[in-house]
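Notes follow once the structure below has been shown.
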Amino acid sequence: MSYRAVKGMNDILPDEVARWHALERAFRETAELHGYAEIRTPVVEGTELFVRSIGETTDVVEKEMYTFSHHSESLTLRPEGTAGAARAYVEHKAHAKEPVSRWFYLGPMFRAERPQRGRYRQFYQAGCEIFGDPGPACDAEMIDMLVGLFRRLGVSDVVANIGSIGGAATRERYRGALREFLSPKAGELSDHARARLEVNPLRILDSKDPRDQAACQGAPQILDVLDEADRAHWETLLGHLDALGTPYVVDPLLVRGLDYYTRTLFELKSSAGELGSQNTLCGGGRYDDMIRGLGGPSVPAIGFAMGLERILLALGPMAAPARKTCSIAPMGTRAVGKALELGRALREAGVVADVDGRGNSLKSMLRRADGLGARFCIVLGDAELERGAVQLKDLERHTQEELPIGAVVARVAGGGA
RNA sequence: GUGGGUGUAGCUCAGUGGUAGAGCACUGGAUUGUGGCUCCAGGUGUCGCGGGUUCAAUUCCCGUCACUCACCCCA
């Protein structure tokens, strides 16, 4: 086995694609119902776009990007979808055409991490962005949409965690307070957390290390230090969710690893199905400063991305599709010619047709028809050809009848009735 | 980048210091031309790769690679 797919990048074989289609269809339908329109942006962007938007000191930018240079240009395979959408929003001056833009996207993203269950180097995300609406009504609507989507998909145990990290000013103030609280306990922290104390103390809140969790007991909470405007935004959001009856859990320690977030943050988790420890199905939040930061106008924004393979892991197996194929089993060369003709006629009538021209035994052809999930099998042998007839077998009802060859297409197209 | 686990048939996995098996799948037959159930028959393997110990290694030892799970981080 000399050629293999690149580590962390997987083939999605035909057997599995039906599940992907079903998920993608549910996402598209939901997004479109909420007024989102699809945008498709390139998989490659200038490296600087990601550095600027995601943040120079984030793990994604520091060590997970696939970056290469072409001539003198530094390019990067997109590690997430928001930066590209935001770039397109600015580049095409969408703000001047409509007050609010609601966009969704779907496609592969790339991060050079160590792969594990639910985490791959090429992975698929679907996401939505709203540009030009400061919320909090649309924040509530977005969270409610996601809860509804996961319910519809059948992820029964999904939990929406929400939080707020306020605007830039609030966050700066909180960072100082947290550092002050944790510094005396620096000796009790994990090495990793101690290193972060100066650079990004907020992330320590997120740590799974019991020492860090213990040290964070009694730490000041960001929700307690929101400024007036941030607080009003947050409380109104909770009010909307309560009014909608959308279930949620406030997580005061919620911190996301991308630097661009402001105010509202949310994350949907599950432990259903085959999910391993990477069980965040969907994450998002507000990024009110990004558009201006990319050289655009001062336009607020909010968005989320969901990991498709994680959702598929949570979903488990899918019901087998209905039998609709018609298989044709010819015996002998003359019959094969007739079978090809019949196959074409069936397809013209809108029937999925499979001509088994392998020249195997009838038993083998019927077995294959069954394996394909065919509803009908047309048996075509010399005896039938002489009579200008075919045997039409209904694989589902276990019945068989002889029909004139000219009548079989209409019969099959009519579902056998 | 760090740590654990696993590498044997297309798939899931047993197994032994004397060069290997089951189930599923596949093919044929029982039914000179009739599927899903049943019965019978059939084939395939550099036993991940390299080295060491040994009369002999798939098995024991060392190395290496791959896969996998977890940490970090994220979807």
Side-chain angles (χ1 to χ4, degrees), chain A residues 1-2 4-8 10 13 15 54 57-65 79-82 106-127 146 190-193 195-196 200 203-204 206-209 212 255-258 266-270 274-284 303-314 323 327 329-332 335 356 358 360-385 390-400 402:
Chain A
M1 247 199 265
S2 39
R4 309 183 51 94
V6 170
K7 184 203 276 287
N10 306 115
L13 297 173
D15 281 0
I54 297 170
T57 62
T58 55
D59 281 28
V60 170
V61 168
E62 274 181 346
K63 48 182 206 190
E64 296 170 2
M65 296 207 299
E80 54 105 50
T82 297
L106 185 58
M109 306 294 162
F110 303 84
R111 289 184 202 173
E113 302 177 272
R114 189 81 150 243
Q116 74 187 68
R117 180 178 293 277
R119 193 218 326 275
Y120 310 100
R121 292 185 171 181
Q122 173 171 337
F123 60 106
Y124 293 80
Q125 283 190 335
L146 285 165
S190 66
D191 294 349
H192 202 257
R196 283 196 161 146
N200 199 343
R203 298 261 196 86
I204 302 174
D206 223 15
S207 172
K208 287 177 199 164
D209 191 302
D212 300 335
V255 178
R256 319 222 78 252
L258 276 43
F266 54 91
E267 197 170 76
L268 279 75
K269 293 186 174 225
S270 161
E274 316 260 290
L275 271 175
S277 64
Q278 304 305 317
N279 63 350
T280 301
L281 299 184
C282 172
F304 69 83
M306 47 197 237
L308 299 191
E309 33 285 87
R310 287 186 188 176
I311 297 170
L312 290 171
L313 284 171
R323 292 167 170 255
S327 183
M331 287 177 290
D356 194 333
R358 298 174 301 162
N360 284 13
S361 69
L362 178 58
K363 177 203 284 277
S364 163
M365 291 193 283
L366 280 166
R367 230 183 252 171
R368 165 138 180 269
D370 193 54
L372 286 175
R375 169 70 195 278
F376 296 104
C377 184
I378 295 172
V379 179
L380 203 50
D382 290 336
E384 285 79 10
L385 273 183
V390 299
Q391 300 293 334
L392 177 63
K393 225 176 143 52
D394 185 326
L395 276 338
E396 201 173 271
R397 294 183 191 158
H398 313 277
T399 57
Q400 173 170 338
E402 182 163 318

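Letters A, B, ... are given to chains in the order of the sequence lines, protein chains preceding strands, and every chain is numbered from 1.
- In this structure, A/M365 places its CE atom 19 Å from P of B/U31, rounding to the nearest Å.
- Note: CZ (A/R310) to P (B/C73) measures 14 Å, nearest angstrom.
- Nucleotides B/C49 and B/U59 are separated by 10 Å at their P atoms, to the nearest Å.
- Listed by chain and residue number, A/S364 satisfy the side chain to side chain donor-acceptor pair (under 3.5 Å) test with A/N360 (two or more places apart in sequence, or in another chain).
- Across all strands shown, A/A374 has no heavy atoms under 4.0 Å from either base or sugar-phosphate atoms.
- Between atom CE of residue A/M65 and atom OG1 of residue A/T58 there is a gap of 7.5 Å, rounded to the nearest 0.5 Å.
- Heavy-atom distances to RNA chain B give each of A/Q125 and A/K63 a nearest nucleotide, and the one nearer the 5′ end belongs to A/K63.
- Partners of A/R121 according to the salt bridge (charged side-chain N to carboxylate O under 4.0 Å, His left out) rule, which considers only residues two or more places apart in sequence or in another chain, do not exist here.
- Atom CG in A/L366 sits roughly 14 Å away from atom P in B/C37 (whole-Å rounding).
- Across B/C62 and B/U53, the matching P atoms stand 15 Å from one another, rounded to whole Å.
- Atom CD of A/E267 is separated from atom CG of A/L281 by 10.0 Å, given to the nearest 0.5 angstrom.
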Throw together a table of side-chain donor-acceptor distances under 3.5 angstrom for residues 303-311 of chain A, partners on residues two or more places apart or in other chains.
| from | atom 1 | to | atom 2 | distance (Å) |
| --- | --- | --- | --- | --- |
| A/E309 | OE1 | A/Y124 | N | 2.9 |
| A/E309 | OE2 | A/Y124 | N | 3.4 |
| A/R310 | NE | A/G118 | O | 2.6 |
| A/R310 | NH1 | A/T280 | O | 3.0 |
| A/R310 | NH2 | A/G118 | O | 3.1 |

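- Straight-line distance from the CG atom of A/L312 to the P atom of B/A75: 18 Å, rounded to whole Å.
- Using a 4.0 Å heavy-atom distance criterion, A/E62 is classed as making no nucleic acid contact.
- Under the salt bridge (charged side-chain N to carboxylate O under 4.0 Å, His left out) criterion, A/K7 pairs with no residue at all, not counting sequence neighbours.
- Residues that satisfy the side-chain contact (heavy atoms from CB on, under 4.5 Å) test with A/R375, not counting sequence neighbours, are A/R323, A/D394, A/E396, A/R397.
- Across the C1' atoms, B/U44 and B/U54 are found 31 Å apart, a figure rounded to whole Å.
- With sequence neighbours excluded, the residues satisfying salt bridge (charged side-chain N to carboxylate O under 4.0 Å, His left out) with A/E402 are A/R387.
- Taking atom C1' on both B/A25 and B/A9, the two are 11 Å apart, rounded to the nearest angstrom.
- The residue A/A305 sits close only to the backbone: its heavy atoms come under 4.0 Å of sugar-phosphate atoms, none of a base.
- Taking the side chain of A/Q400 as heavy atoms from C-beta on, and the options B/U34, B/C73, B/A75, the nearest nucleotide is B/U34.
- Of the inter-residue distances, the one linking A/Q391 atom CD with A/I378 atom CD1 reads 11.0 Å to the nearest 0.5 angstrom.
- The side chain of A/Q278 contributes an N or O atom lying less than 4.0 Å from OP1 or OP2 of B/C71.
- Taking atom C1' in both B/G17 and B/G23, one finds a spacing of 28 Å when rounded to whole Å.
- To the nearest whole angstrom, the two C1' atoms, one in B/A22 and one in B/U8, are 13 Å apart.
- Note: NZ (A/K393) to C1' (B/G33) measures 11 Å, nearest angstrom.
- For A/R367, there are no salt bridge (charged side-chain N to carboxylate O under 4.0 Å, His left out) partners two or more places apart in sequence or in a different chain.
- In this structure, the CG atom of A/D356 is 15 Å from the P atom of B/G35, given to the nearest Å.
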Give me, pair by pair, the N or O atoms of the protein and of nucleotides 24-28 of chain B that are less than 3.5 Å apart, along with how far apart they are.
| from | atom 1 | to | atom 2 | distance (Å) |
| --- | --- | --- | --- | --- |
| B/G28 | OP1 | A/S361 | OG | 3.4 |

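- Protein atom CZ of A/F110 is 24 Å distant from nucleotide atom P of B/C73, rounded to whole Å.
- To the nearest 0.5 angstrom, A/L380 atom CG is 11.5 Å from A/L392 atom CG.
- Across all strands, A/E113 comes closer than 4.0 Å to base atoms (heavy-atom distances).
- Note: CE (A/M65) to C1' (B/G1) measures 18 Å, nearest angstrom.
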Listing time: all N or O pairs from protein to nucleotides 66-69 of chain B that are below 3.5 Å?
| from | atom 1 | to | atom 2 | distance (Å) |
| --- | --- | --- | --- | --- |
| B/C67 | OP2 | A/K7 | NZ | 2.8 |
| B/C69 | OP2 | A/R117 | N | 3.1 |

Secondary structure of RNA chain B in dot-bracket form (Watson-Crick or G-U wobble, distances below 3.5 Å, | marking inter-strand pairs): (((((((..((((....[..)))).(((((.......))))).....(((((..]....))))))))))))....
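- Annotation: side-chain contact (heavy atoms from CB on, under 4.5 Å) contacts of A/L362 (sequence neighbours excluded): A/A329, A/M331, A/M365, A/L366, A/V379.
- Taking atom C1' in both B/C71 and B/C61, one finds a spacing of 30 Å when rounded to whole Å.
- Across all strands shown, A/L281 has heavy atoms under 4.0 Å from sugar-phosphate atoms exclusively, and none from any base.
- In this view, A/D356 and A/R358, A/R368 satisfy the side chain to side chain donor-acceptor pair (under 3.5 Å) rule, not counting sequence neighbours.
- For the P atoms, the distance from B/U68 to B/U32 is 49 Å, rounded to whole Å.
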